[in-house]
Amino acid sequence: MSVHHERLGQSDTYVVKVVGRLDQALNAMLEETLTSLLDEGHINLIINLSETSYINSGGLRTLVSAWRRVSRENGSLQLCGLSPRLLEIFAMVGFDQVFEIVPDCREVLAP
């Protein structure tokens with residue numbers, strides 16, 4: 001279980017990768033990572049969920065908070081690599097209409 005971030009090539013976009021279950025343990029790590037990036041002025045983010053097997057309400061709340069802040073600052077936040085189960089959860093709560101979701105991370109991570 002981990003949360004990693006790195007700059008996407010020479011762009012001003014940062015990729016945040018969540019590995020494991022996005023539950024109590026990882027929510028705090030994700031929130032800390034996103035807050036730190038946003039506080040540093042990095043408002044173009046890609047959240048790679050290709051290795052995320054589960055998300056709870058706290059994880060959804062963390063993503064929505066980051067999306068709101070990015071939107072206020074005219075940045076972008078994309079989600080990629082969601083499993084069918086995660087897509088189902090996002091659709092159930094209507095977040096598939098809120099977030100820009102890219103099925104294959106290679107589409108947004110290619111140089």
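In this chain, numbering begins with 1 at the start of the sequence shown. In what follows, every heavy atom counts, from backbone to side chain, and hydrogens, waters and symmetry copies are set aside. No experiment lies behind these values; they were computed from the predicted model shown.
Across every non-hydrogen atom of G81 and C105, the tightest pair is N-SG, 3.5 Å.
L60 has its side chain within reach of I89: a pair of non-hydrogen atoms, C-beta onward, lies under 4.5 Å apart. Counting heavy atoms from C-beta outward, Y14 and I46 have side chains that stay 4.5 Å or more apart. The closest side-chain heavy-atom distance from V19 to K17 is below 4.5 Å. Proximity of L63 to I55: side-chain heavy atoms (C-beta onward) are separated by under 4.5 Å at one or more points. Proximity of V64 to V98: side-chain heavy atoms (C-beta onward) are nowhere separated by under 4.5 Å. Here the side chains of Q78 and I101 are not in contact, with every heavy-atom distance at 4.5 Å or above.
Among L109, L45, V108, I47, the single residue meeting the side-chain contact (heavy atoms from CB on, under 4.5 Å) criterion with V15 is L109.
T35 places no side-chain N or O within donor-acceptor distance of the main-chain N or O of E32, the cut-off being under 3.5 Å. The backbone N or O of T13 lies less than 3.5 Å from a partner atom in the side chain of S11, making a donor-acceptor pair.
Note: the hydrophobic cluster containing Y54 does not contain V3 (ILVMFWY, side chain heavy atoms under 4.5 Å, direct or indirect links). A chain of hydrophobic side-chain contacts below 4.5 Å, direct or via other Ile, Leu, Val, Met, Phe, Trp or Tyr residues, connects V93 to W67. At a threshold of 4.5 Å between side-chain heavy atoms, the hydrophobic network of Ile, Leu, Val, Met, Phe, Trp and Tyr places L86 and V102 in two separate groups.
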Please set out all donor-acceptor pairs under 3.5 angstrom arising from side-chain atoms of residues 20-31, sequence neighbours excluded.
unit_1	atom_1	unit_2	atom_2	d
D23	OD1	A25	N	3.2
N27	OD1	G59	N	3.3
N27	ND2	D23	O	3.3
N27	ND2	N56	OD1	2.9

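We find the CG-CD distance between N48 and E51 to be 7.0 Å, quoted to the nearest 0.5 Å. The CE atom of M92 sits 5.5 Å away from the CD atom of E88 when rounded to the nearest 0.5 Å. Residue S83 holds its OG atom at 8.5 Å from CG of L49, rounded to the nearest 0.5 Å.
I43 is linked by a side chain to side chain contact (heavy atoms under 4.5 Å, CB included) to L38, E73, counting only residues two or more places apart in sequence or in another chain.
In this structure, R7 places its CZ atom where more than 12 heavy-atom neighbours from other residues, nucleotides or ligands lie under 6.0 Å away. Taking a 6.0 Å sphere around CD of E40, one finds it holds more than 12 heavy atoms contributed by other residues, nucleotides or ligands.
Taking the six-membered ring for Trp and thresholds of 30 and 60 degrees, F95 and F90 have ring planes more than 60 degrees apart, a perpendicular arrangement.
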